[in-house]
Amino acid sequence: MDEHEAAEFRALIEGLAAELPEDSALAAFERGCVYDSTGLPERAVPEYRRALELGLTGVRRRRVICQLASSLRNLGRPEESVELLTAELARTSDVMDDAVRATLALALTDVGREREAVSVALTALAPHLPRYQRSMANYARALVEEPPTGR
């Protein structure tokens with residue numbers, strides 16, 4: 001991507017995607033990715049939705065969820081982003097969980113739910129800390145279980 005201008009890169013990916021069958025979830029995924037990464041989230045959203053409708057699976061499916069939610073957020077629709085990501089976290093668990101949570105934290109901030117956003121971000125971060133994993137996980141839960149103390 002860094003070796004091409006945006007329009008050139010889109011044309012390159014469009015050409016590759018066109019080699020796949022018309023009903024290819026992978027082609028829709030790749031089109032969505034290229035639109036998103038070149039600053040066209042309004043064109044990415046329908047492609048991401050199409051990839052999901054066509055049955056994209058595995059890690060790519062979860063990537064689409066994160067990317068779709070991020071695009072929706074960037075288009076001023078953070079409520080949709082929160083709904084999509086919250087449902088995704090309840091749906092399954094895999095190596096993409098932290099990416100889903102990071103994207104959710106951003107969307108929660110956009111809808112004015114900052115304490116919950118910090119809780120989600122700390123929940124994603126805690127297992128990766130060299131120490132204090134249990135404490136940070138507990139603090140993350142406390143952010144949404146207890147009323148603010150006014151500090």
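Heavy-atom basis, side chains included; hydrogens, waters and symmetry copies ignored.
Although no hydrogens or angles enter the test, the distance criterion places a donor-acceptor pair under 3.5 Å between the side chain of R115 and the main chain of L143. Formation of a donor-acceptor pair under 3.5 Å by the S70 side chain with backbone atoms of C66 is not found in this model. Checking side-chain atoms of S81 against main-chain N and O of R77 turns up no donor-acceptor pair under 3.5 Å.
Here E88 pairs with R61 in a salt bridge; the nearest charged N to carboxylate O distance falls below 4.0 Å.
Here the CG-CG distance, from L85 to L108, works out to 8.5 Å after rounding to the nearest 0.5 Å. Expressed to the nearest 0.5 Å, how far OG1 of T109 lies from CD of E116 amounts to 10.0 Å. Atom OG1 in T123 sits 10.0 Å away from atom CG in N138 (nearest 0.5 Å). L122 CG to R101 CZ: the interatomic distance, rounded to the nearest 0.5 Å, is 12.0 Å. Note that SG of C33 and CZ of R60 are 9.0 Å apart. Values are rounded to the nearest 0.5 Å.
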Hey, mind stepping through E30 and L16 against side-chain contact (heavy atoms from CB on, under 4.5 Å) and telling me if it holds? CA-CA 9 Å; E30 293 297 345; L16 291 171; over 6 Å; no

Could you walk me through whether R10 and L40 satisfy the side-chain contact (heavy atoms from CB on, under 4.5 Å) test, starting with their C-alpha distance in whole Å, then the side-chain angles of each, then the deciding distance to 0.1 Å, before giving a yes or no? CA-CA 10 Å; R10 282 192 299 270; L40 298 173; 3.6 Å; yes

side-chain contact (heavy atoms from CB on, under 4.5 Å) for V144 and V120? Distances and angles first, verdict last. CA-CA 9 Å; V144 293; V120 168; over 6 Å; no

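Using a 4.5 Å heavy-atom cutoff, the side chains of D97 and R62 are in contact. Between S71 and Y35 the shortest side-chain heavy-atom distance does not fall below 4.5 Å. By the 4.5 Å heavy-atom criterion applied to side chains, M136 and L125 are not counted as neighbours. Side-chain contact check for V82 versus R113: some heavy-atom pair is nearer than 4.5 Å. Here the side chains of L84 and E80 are not in contact, with every heavy-atom distance at 4.5 Å or above.
Tracing side-chain contacts under 4.5 Å through hydrophobic residues (I, L, V, M, F, W, Y), one never reaches L68 starting from V59; they form parts of separate clusters. Hydrophobic cluster membership differs between F29 and V34, with clusters built from Ile, Leu, Val, Met, Phe, Trp and Tyr side chains linked at under 4.5 angstrom. In this structure, M96 is not a member of the same hydrophobic cluster as V64, with clusters built from ILVMFWY side-chain heavy atoms closer than 4.5 Å. Residues L106 and V118 do not share a hydrophobic cluster, defined by chaining ILVMFWY side chains whose heavy atoms lie under 4.5 Å apart. When the side chains of ILVMFWY residues are joined at heavy-atom separations under 4.5 Å, either directly or via intervening members, V100 and L56 end up in a single hydrophobic cluster.
Between A25 and L54, the shortest heavy-atom contact is CB-CB, 3.7 Å. Of all heavy-atom pairs between E8 and H4, the closest is OE2-ND1, 3.1 Å. The two residues A140 and S119 have their closest heavy-atom pair at O-OG, 2.5 Å. Closest non-hydrogen pair, P78 versus D110, comes out as CB-CB, 3.6 Å. Contact between G55 and T57 at its shortest, heavy atoms only, is O-CG2, 3.1 Å.
A donor-acceptor contact closer than 3.5 angstrom links the side chains of Q67 and Y48.
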